[in-house]
Visitor: 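To start, I am sharing the structure in question, which I have written as structure tokens.
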Amino acid sequence: MRVGLQLPSFSWPGGGAAIRAKLGAIATTAEDAGFDSVFVMDHFFQLPPETGWDGPDQPMLEAYTTLGFLAARTERVRLGAMVTGVIYRHPGLLVKTATTLDVLASGRSYLGIGASWYEREAVGLGVPWPPKGERFERLEETLRIARLMWSGRVEPFEGRHYRLREPLTNPMPLARPHPPIMIGGNGEKRTLRLVALYGDACNILVPDPGESARKLAILKEHCEATGRDYATIEKTSLVEVDLRDRHMTPAEVIDRLRGQQQEGIEHVIVNMPNAHELTPLERFGTEIIPALAG
């Protein structure tokens, strides 16, 4: 099993002036510890309190600028947004941005993408917020555009929402055949069907044991219905763990992540409330990641 790290918060001691140094230290520590990947959220406001975070009063960095910084500070870990909100960038510009990241990261990127859900940040910053059904339509067109632009064919795209006269990509990404497209979300009818049609990886949010197994069974059904080889899709999940005293022990974390493996997950991505302290990352490298590799 591969283990990745997600960074959902930048509320670290020292405020904005300390973010650069701390972010760099987190990335290099995670890489040295044996993490396979590092992801950041694609949000402009911190998530609302009902999600367990502290809302827009707390800092949040723009995802692709941050990933470019991480590309320069690391050599091995895969990098990506978990996941890009489809409405925030025009598809042609998003593919150009994702391609630039992949080139500067020497082929180590994912294109994580989803239908968007955080209305407050969109409306707050003046981004149009279409209804949910339209957001999914835009997501599917964006997935088609990404595959077109990364195919090397330069031919017009005509969709309901997007029209590209000359979808040129130069340079092309270094990942082959292209950066893996990770579609995030637990939606059974639309999201998992889009994974079967266009995705190279899925990402499942895991609130409860058994959730990953149930979602993967539905994904397999979509694959069978669309003629997709289920085995070609990377199965990933997002799990929160907490190594602070009186929360979780390394043994409990290992059991949790092994449970994900037993449910069919190949790449489990964790976030931790105190990753910025670095010691939890080091403990992963000495006590958890080796146990999962055996």
Visitor: When rounded to the nearest 0.5 angstrom, what is the spacing between CG in Leu23 and CG in Leu70?
Guide: 4.5 Å
Visitor: So how far is it from Thr66 OG1 to Met41 CE, rounded to the nearest 0.5 Å?
Guide: 11.0 Å
Visitor: Is there a side-chain contact between Ile288 and Val3 in this structure, where contact means two heavy atoms from C-beta onward sitting under 4.5 Å apart?
Guide: no
Visitor: Is there a chain of hydrophobic side chains (I, L, V, M, F, W, Y, each step under 4.5 Å between heavy atoms) that links Val95 to Leu174?
Guide: no
Visitor: For Glu62 and Thr65, does a side-chain donor sit closer than 3.5 Å to a side-chain acceptor?
Guide: yes
Visitor: Is the backbone of Pro130 close enough, under 3.5 Å, to the side chain of Arg135 for a donor and an acceptor to pair up by distance?
Guide: yes
Visitor: When you measure from the side chain of Glu141 to the backbone of Gly159, do you find a donor-acceptor pair of N or O atoms at a distance under 3.5 Å?
Guide: no
Visitor: Does Glu31 reach the main-chain N or O of Glu75 with its side chain, forming a donor-acceptor pair under 3.5 Å?
Guide: yes
Visitor: Using the salt bridge (charged side-chain N to carboxylate O under 4.0 Å, His left out) criterion, which residues pair with Arg163? Sequence neighbours excluded.
Guide: Glu158
Visitor: Using a 3.5 Å cut-off and no angle test, enumerate the donor-acceptor pairs between side-chain atoms of residues 273-281 and protein atoms at least two apart in sequence or in another chain.
Guide:
unit_1: Asn274; atom_1: ND2; unit_2: Glu277; atom_2: OE1; d: 3.2

Visitor: Show me the pairs that pass side chain to side chain donor-acceptor pair (under 3.5 Å) and involve residues 281-290, at least two apart or across chains.
Guide: Arg283-Glu287
Visitor: Is the side chain of Arg193 donor-acceptor paired with the backbone N or O of His222 at a distance under 3.5 Å, no angle test?
Guide: no
Visitor: Is it true that Ile19 and Leu47 fall in one hydrophobic cluster, defined by side-chain heavy atoms closer than 4.5 Å?
Guide: yes
Visitor: Should we say atom CZ of Arg76 is surrounded by more than 12 heavy atoms from elsewhere, each under 6.0 Å from it?
Guide: yes
Visitor: SG/Cys223 to CG/Leu216 distance, rounded to the nearest 0.5 angstrom?
Guide: 10.0 Å
Visitor: Please tell me whether Ser11 and Trp53 have a donor and an acceptor in their side chains that are separated by less than 3.5 angstrom.
Guide: no
Visitor: Does any non-hydrogen side-chain atom of Leu5 lie less than 4.5 Å from one of Asn271?
Guide: no
Visitor: Do you see a donor-acceptor pair shorter than 3.5 Å between the side chains of Arg108 and Thr74?
Guide: yes
Visitor: Using residues 111-120 as the side-chain source, report each donor-acceptor pair under 3.5 Å to any protein atom, sequence neighbours left out, with the distance given to one decimal.
Guide:
unit_1: Ser116; atom_1: OG; unit_2: Val86; atom_2: N; d: 3.1
unit_1: Tyr118; atom_1: OH; unit_2: Gln46; atom_2: O; d: 2.7

Visitor: Check whether Arg176 reaches the backbone of Pro173 with its side chain - one donor and one acceptor, N or O, closer than 3.5 Å.
Guide: yes
Visitor: State the CE-CD distance between Met248 and Glu240, to the nearest 0.5 angstrom.
Guide: 9.5 Å
Visitor: So, does Thr236 use its side chain to make a donor-acceptor pair with the main chain of Cys202 at under 3.5 Å?
Guide: yes
Visitor: Could you check if a side-chain atom of Phe44 sits within less than 4.5 angstrom of a side-chain atom of Glu121, using non-hydrogen atoms only?
Guide: yes
Visitor: In Å and rounded to the nearest 0.5 Å, what is the OG to CG distance from Ser237 to Asn203?
Guide: 7.0 Å
Visitor: Asp102: which residues meet the salt bridge (charged side-chain N to carboxylate O under 4.0 Å, His left out) condition with it, sequence neighbours left out?
Guide: none
Visitor: Check this for me: does any side-chain nitrogen of one of Glu234 and Arg2 sit under 4.0 Å from a carboxylate oxygen of the other?
Guide: yes
Visitor: Which atom names give the shortest non-hydrogen contact between Ala63 and Ala81, and what distance separates them?
Guide: CB-CB, 4.4 Å
Visitor: Could you check whether Arg89 pairs with Asp42 (Lys NZ or Arg NE/NH1/NH2 to Asp/Glu carboxylate O, under 4.0 Å)?
Guide: yes
Visitor: Start with the C-alpha gap between Ser151 and Arg153, add the side-chain angles, then the distance that decides, and say whether side chain to side chain donor-acceptor pair (under 3.5 Å) holds.
Guide: CA-CA 5 Å; Ser151 73; Arg153 305 191 311 274; 3.2 Å; yes
Visitor: Do Ile181 and Arg147 have side chains that get closer than 4.5 Å, going by heavy atoms?
Guide: yes
Visitor: Would Lys235 and Tyr230 satisfy side-chain contact (heavy atoms from CB on, under 4.5 Å), going step by step from the backbone distance to the final call?
Guide: CA-CA 10 Å; Lys235 291 80 176 176; Tyr230 173 77; 3.4 Å; yes
Visitor: Could you tell me whether Glu50 atom CD has more than 12 heavy atoms of other residues or ligands within 6.0 Å of it?
Guide: yes
Visitor: Please determine whether side-chain contact (heavy atoms from CB on, under 4.5 Å) holds for the pair Leu61 and Val40, giving the CA-CA distance in whole Å, both sets of side-chain angles, and the decisive distance to 0.1 Å.
Guide: CA-CA 9 Å; Leu61 299 182; Val40 297; over 6 Å; no
Visitor: May I ask you to say whether Glu211 pairs ionically with Lys215, meaning some side-chain N is under 4.0 Å from a carboxylate O?
Guide: yes
Visitor: Determine the minimum heavy-atom distance between Val103 and Met172, stating which atoms define it.
Guide: CG2-O, 3.6 Å
Visitor: Determine whether Leu67 and Leu104 fall in the same hydrophobic cluster, where Ile, Leu, Val, Met, Phe, Trp and Tyr are linked whenever their side-chain heavy atoms lie under 4.5 Å apart.
Guide: no
Visitor: For His90 and Leu164, run side-chain contact (heavy atoms from CB on, under 4.5 Å): C-alpha distance rounded to whole Å, both residues' side-chain angles, the deciding distance at 0.1 Å, then the answer.
Guide: CA-CA 10 Å; His90 189 282; Leu164 285 68; 3.9 Å; yes
Visitor: Are His178 and Asp200 packed together at the side-chain level, in the sense that at least one heavy-atom pair is separated by less than 4.5 angstrom?
Guide: yes
Visitor: Atom OG1 of Thr191 and atom CG of Asn186: how far apart are they, to the nearest 0.5 Å?
Guide: 8.0 Å
Visitor: Does a donor on one side chain and an acceptor on the other come within less than 3.5 Å for Arg138 and Tyr162?
Guide: yes
Visitor: Return the minimal non-hydrogen interatomic distance between Phe10 and Pro59, and the atom names on each side.
Guide: O-CG, 3.4 Å
Visitor: Answer yes or no: is there a donor N or O on one side and an acceptor on the other, between the side chain of Arg190 and the main chain of Phe136, under 3.5 Å?
Guide: no
Visitor: Side chains of Glu188 and Arg214: does their closest heavy-atom pair fall under 4.5 Å?
Guide: yes
Visitor: Is it the case that the side chain of Thr142 and the backbone of Pro91 share a donor-acceptor pair, with hydrogens and angles ignored and the cut-off at 3.5 Å?
Guide: no
Visitor: Assess the residue pair Asp255 and Val253 against the criterion (side-chain contact (heavy atoms from CB on, under 4.5 Å)); give the C-alpha distance rounded to whole Å, side-chain angles, the decisive distance to 0.1 Å, and a yes or no.
Guide: CA-CA 5 Å; Asp255 286 345; Val253 174; over 6 Å; no
Visitor: Hey, is the main chain of Asp229 close enough, under 3.5 Å, to the side chain of Thr232 for a donor-acceptor pair?
Guide: yes
Visitor: Taking all atoms of both residues into account, what is the closest heavy-atom pair of Met60 and Pro8, and its distance?
Guide: CE-O, 3.6 Å
Visitor: Apart from Leu205 itself, what residues make up its hydrophobic cluster, given side-chain heavy atom links below 4.5 Å?
Guide: Phe39, Met82, Val83, Tyr110, Met182, Leu238, Ile269
Visitor: Which heavy-atom pair separates Thr249 from Leu243 by the least distance, and what is that distance?
Guide: C-CD2, 4.0 Å
Visitor: Which pair of non-hydrogen atoms, one from Val38 and one from Ala30, has the smallest distance, and what is that distance?
Guide: CG2-CB, 4.3 Å
Visitor: Taking atom NZ as the centre, does Lys220 end up with more than 12 heavy-atom neighbours from other residues, nucleotides or ligands that are less than 6.0 angstrom away?
Guide: no
Visitor: Determine yes or no for a side-chain-to-main-chain donor-acceptor pair under 3.5 angstrom, with Arg258 supplying the side chain and Ala291 the backbone.
Guide: yes
Visitor: I'd like to know if the side chain of Tyr64 pairs up with that of Thr100 as donor and acceptor (distance under 3.5 Å, no hydrogens or angles considered).
Guide: no
Visitor: Quick one, Met149 and Ile145 - any side-chain contact, counting heavy atoms below 4.5 Å?
Guide: yes
Visitor: Quick check on the hydrophobic clustering: are Leu125 and Trp129 connected, directly or via other members, by side-chain heavy-atom contacts under 4.5 Å?
Guide: yes
Visitor: Does Arg144 make a cation-pi contact with Phe157, if we ask for NZ or CZ under 6.0 Å from the ring centre and within 45° of the axis?
Guide: no
